[in-house]
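Remarks on the structure that follows.
Scope of the values below: all heavy atoms of this structure, side chains included, with no hydrogens, waters or symmetry mates. On a predicted model such as this, the values are computed, not experimentally measured, just so you know.
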Number of protein chains: 2
Amino acid sequence: MFQINENYQKLPGSYLFSTIAEKVAAFTKVNPDKPVIRLGIGDVTQPIAPAIIAAMHKAVDEMAEAGSFHGYAPDLGYEFLRTAIVQNDYEPNNCGIHADEVFISDGAKSDSSNIQEIFSTGCKIAVTDPVYPVYIDSNVMAGRCGTYDAAAQMWSNVVYMPCTKENGFVPDFPKEAPDLIYLCIPNNPTGTALTKSQLQDWVDYANQNGAAIIYDAAYEAYIHEPDVPHSIYECKGAKNCAIEIRSFSKNAGFTGVRLGFTVVPKELSCGGVSLHAMWARRHGTKYNGAPYIIQRAGEAAYSKEGKEQLKCQVAAYMKNAAAIKKGLQADGYEVFGGVNAPYIWMKTPGHMTSWEFFDYLLEHANVVGTPGSGFGPSGEGYFRLTAFGSYENTTAALERIHAI
Amino acid sequence: MFQINENYQKLPGSYLFSTIAEKVAAFTKVNPDKPVIRLGIGDVTQPIAPAIIAAMHKAVDEMAEAGSFHGYAPDLGYEFLRTAIVQNDYEPNNCGIHADEVFISDGAKSDSSNIQEIFSTGCKIAVTDPVYPVYIDSNVMAGRCGTYDAAAQMWSNVVYMPCTKENGFVPDFPKEAPDLIYLCIPNNPTGTALTKSQLQDWVDYANQNGAAIIYDAAYEAYIHEPDVPHSIYECKGAKNCAIEIRSFSKNAGFTGVRLGFTVVPKELSCGGVSLHAMWARRHGTKYNGAPYIIQRAGEAAYSKEGKEQLKCQVAAYMKNAAAIKKGLQADGYEVFGGVNAPYIWMKTPGHMTSWEFFDYLLEHANVVGTPGSGFGPSGEGYFRLTAFGSYENTTAALERIHAI
């Protein structure tokens with residue numbers, strides 16, 4: 001008699017964004033006359049840049065002719081894309097990362113949830129709190145997290161590293177050394193970043209304690225301050241302890257195009273076993289490559305025109321971020337983030353919980369954000385707004401919030 | 001100190017097709033004057049059909065405008081594609097499958113390797129022998145297969161169901177009832193299929209023994225005989241025991257476009273837990289949807305023009321299959337498959353092993369096939385040729401084989 005993976009039964013309720021979608025759908029059904037502005041989920045709104053559109057049309061045409069048709073892609077991804085990534089993302093900062101250390105994938109969500117598979121189920125994970133839910137949920141499914149305490153909103157076998165305004169949203173080193181440390185920087189949801197010296201401390205901590213860092217740099221394009229590193233490999237010793245995950249979703253608007261990559265340095269090993277070889281084996285067995293057309297789209301993001309166009313897209317979102325920050329501060333709210341990230345992290349007013357403020361904003365301003373407690377217990381009393389709306393919607397949302 | 005998933009260390013050598021690629025590369029390096037014809041890996045050669053190309057161009061253009069841009073896709077895939085699938089693949093045969101039981105993915109390889117994650121690691125799997133390597137390898141990574149006996153080419157905790165010419169490549173029911181049964185029909189690599197009555201027996205066996213069937217129907221488009229079912233859901237009781245995996249790779253040439261889907265019926269449960277809900281949870285946590293452009297490509301495969309064009313593509317490959325079968329038989333080889341599948345499964349001549357015949361063909365005919373033993377111990381003494389080449393290359397390969 002077949003049995004199921006019982007770990008799935010431990011997962012509480014539904015995925016955060018599904019709950020939000022249901023609440024918004026219910027509100028819209030009752031209030032069809034009140035158009036809702038969504039600054040909740042981190043989906044982008046600007047269309048794909050012209051240079052990338054042109055590259056995709058060209059690739060589609062290639063697929064139409066036998067002589068230029070592309071079937072199965074190389075296991076790690078096309079050389080043209082891996083080379084473009086290394087030349088643009090790693091060589092300028094002297095990271096020492098080579099093209100054959102880059103694994104192309106269908107996105108950072110897949111990679112950040114799949115990467116745990118190459119580690120022992122006995123590994124103990126550490127996450128910042130609040131945190132992107134996927135890191136924990138994928139480890140729950142694999143059986144690493146113990147049992148869930150619904151009242152505390154915590155897993156018995158997970159090390160939580162609180163990030164609050166009291167510590168400037170910079171996590172302290174855990175007292176009990178974990179095996180895997182998930183760091184998302186610039187951070188989703190708090191919108192904060194680490195300086196190079198702060199990140200170097202984490203790399204040193206990992207190397208000293210035999211921990212591996214899963215470094216999610218999906219928001220790298222939003223870094224504006226010079227002292228914030230764009231890659232963990234800018235830090236000394238990172239190639240011995242860190243795996244870096246990147247996305248095209250937020251710098252190039254690929255949320256519906258689907259492309260990302262993961263860097264596994266060849267130096268990274270455990271007991272003489274190369275993690276690069278393990279990830280290559282997983283890629284070759286449980287994945288079959290990103291579409292040729294989409295990999296050409298990724299390449300175009302690194303062309304001269306592509307880079308200029310994407311710079312403007314990011315600038316437009318950061319203009320929204322600045323407007324949200326300024327507007328909310330003028331209304332007396334306490335606001336964080338929004339400088340090196342497209343996320344604004346605000347304290348909920350008075351003694352409102354995160355979900356109370358969610359309901360309040362939806363009801364009275366018809367604006368959708370994300371309750372901070374959905375990202376972990378230390379997110380309680382906070383609320384996330386994203387800068388990914390249009391400028392018109394963003395300023396309209398601010399006016400509505402101002403009016404209540 | 002972090003530890004790795006030790007199961008990866010149990011995997012012997014490299015992936016079959018990587019080994020073949022290396023051997024061919026070595027041969028080509030030494031013999032640059034001898035062009036090799038590849039009838040080895042199951043990659044297609046015909047370009048994408050015009051109706052699908054047009055749909056992709058249209059979708060690319062939609063992504064270029066804010067008003068028609070598509071970001072994150074719905075968790076299960078777009079309704080337009082899931083509806084097209086149900087209307088074309090399941091309604092005509094009265095399978096009783098609904099659109100919300102269809103999960104869109106980036107391909108059958110991902111699905112067939114990921115599906116085991118929702119089952120207990122204590123489940124014992126059964127596979128046909130020979131078999132597509134991914135089923136076993138993904139289970140090895142999850143820790144289900146025990147230890148590998150290199151001499152026997154078998155895993156200690158896997159039930160092997162030999163398929164040889166003695167049993168007409170139709171597996172016998174295992175004496176020890178397994179928990180998960182992988183069936184690929186029409187079969188890769190043997191090219192054989194099951195009649196509806198034979199498949200019904202398997203469904204009954206699964207229901208009687210509390211086993212789940214993972215039914216890989218990637219080659220469904222190649223079925224020509226009327227008594228061969230196109231879906232396992234044509235069999236009574238299949239919705240209580242079977243998950244069906246489909247691909248666009250072989251019917252629409254999407255090996256480099258990447259699209260597939262998996263059907264998990266809502267009736268399928270274990271101890272009151274819905275496997276549909278589990279797979280939905282996995283999809284929502286460890287995956288982020290196939291690209292919008294690619295899902296539109298899939299939809300176009302079901303348009304009137306698309307269906308006509310793909311019928312011609314499949315017919316062209318089946319013309320190759322018939323030519324290979326006829327040519328090899330005329331040369332005195334014993335040949336199977338090629339009627340309901342794009343694969344030809346031949347006995348190696350004399351007492352040659354599969355790899356000896358591989359080397360012999362490469363060396364003397366400069367033709368690449370796949371050694372049967374690469375698919376399992378019962379594949380020893382067999383050799384796989386695919387019908388996915390061009391007609392010119394296929395007939396040229398046959399002439400070369402004839403000449404040796």
Side-chain angles (χ1 to χ4, degrees), chain A residues 1-6 8-9 11 15 18 43-48 53 56-57 60 63-66 69-73 106-107 109-110 113-114 117-120 122-123 134 137-138 141 179-180 210-212 255-258 270 273 278 281 284-294, chain B residues 1-6 8-9 11 15 18 43-48 53 56-57 60 63-66 69-73 106-107 109-110 113-114 117-120 122-123 134 137-138 141 179-180 210-212 255-258 270 273 278 281 284-294:
Chain A
M1 175 75 197
F2 76 85
Q3 301 294 332
I4 57 163
N5 177 347
E6 290 289 345
Y8 277 63
Q9 294 302 99
L11 288 163
Y15 187 58
S18 311
D43 203 355
V44 297
T45 51
Q46 291 181 74
I48 301 300
I53 292 291
M56 287 199 283
H57 277 306
V60 169
M63 296 297 275
E65 303 293 333
F69 171 78
H70 283 76
Y72 289 122
D106 66 325
K109 188 179 175 192
S110 304
S113 60
N114 290 331
E117 294 179 19
I118 65 170
F119 294 94
S120 163
C123 284
V134 163
D137 289 359
S138 58
M141 291 171 170
D179 302 305
L180 295 181
T255 52
V257 174
R258 310 305 315 143
C270 174
V273 179
M278 292 182 73
R281 187 69 197 241
T285 302
K286 295 184 75 176
Y287 185 58
N288 222 340
Y292 172 73
I293 296 160
I294 307 301
Chain B
M1 175 74 196
F2 77 85
Q3 301 295 331
I4 58 163
N5 177 347
E6 290 290 344
Y8 277 64
Q9 294 302 99
L11 287 163
Y15 188 57
S18 310
D43 203 354
V44 297
T45 51
Q46 293 181 73
I48 300 300
I53 291 291
M56 287 199 285
H57 277 307
V60 169
M63 297 297 275
E65 303 292 333
F69 171 77
H70 284 75
Y72 289 122
D106 66 324
K109 187 179 177 193
S110 304
S113 60
N114 289 331
E117 294 179 20
I118 64 169
F119 294 94
S120 163
C123 284
V134 164
D137 289 358
S138 58
M141 291 169 171
D179 302 305
L180 295 180
T255 53
V257 174
R258 310 305 316 140
C270 175
V273 179
M278 291 182 73
R281 187 69 197 240
T285 302
K286 295 184 74 176
Y287 184 58
N288 223 340
Y292 173 73
I293 297 159
I294 307 301

Kindly compute the distance separating [atom1] ([X]) from [atom2] ([Y]), expressed to the nearest 0.5 Å.
X	Y	atom1	atom2	value
A:E6	B:F119	CD	CZ	12.5 Å
A:I294	B:I294	CD1	CD1	5.0 Å
A:T255	B:Y292	OG1	OH	13.0 Å
B:H70	A:I48	NE2	CD1	12.0 Å
B:C270	A:N5	SG	CG	11.0 Å

Using every non-hydrogen atom in the two residues, find where [X] and [Y] come nearest and quote the distance to one decimal.
X	Y	result
A:K109	B:Y287	NZ-O, 3.1 Å
A:M63	B:I53	C-CD1, 4.0 Å
A:D179	B:F2	O-CB, 3.4 Å
A:G289	B:R258	O-CG, 3.4 Å

Inset, instruction - For chain A, find which of B:T285, B:V134, B:L180, B:D137 contributes the most heavy-atom pairs closer than 4.5 angstrom. - result: B:T285
Legend entry - chain B contacts, top residue of A:V44, A:L11, A:I293 (heavy-atom pairs, under 4.5 Å): A:L11
Legend entry - Choice from A:A290, A:A73, A:G284 maximising heavy atom contacts with chain B below 4.5 Å: A:G284
Please classify the contact between [X] and chain A as side chain, backbone, both or neither, with a heavy-atom cut-off of under 4.5 Å.
X	result
B:T45	backbone
B:H57	both
B:D106	side chain

Legend entry - Proximity breakdown for A:D43 and chain B, heavy-atom pairs closer than 4.5 Å: both
Inset, instruction - Can you tell which part of A:A211 gets under 4.5 Å to a heavy atom of chain B, answering side chain, backbone, both or neither? - result: backbone
Inset, instruction - With sequence neighbours excluded, tell me which residues meet side-chain contact (heavy atoms from CB on, under 4.5 Å) with B:V273. - result: A:I4, A:Q9, B:M278
Inset, instruction - Could I get the full list of side-chain contact (heavy atoms from CB on, under 4.5 Å) partners for A:N114, not counting sequence neighbours? - result: A:S110, A:E117, A:W279, A:R282, B:R282, B:K286
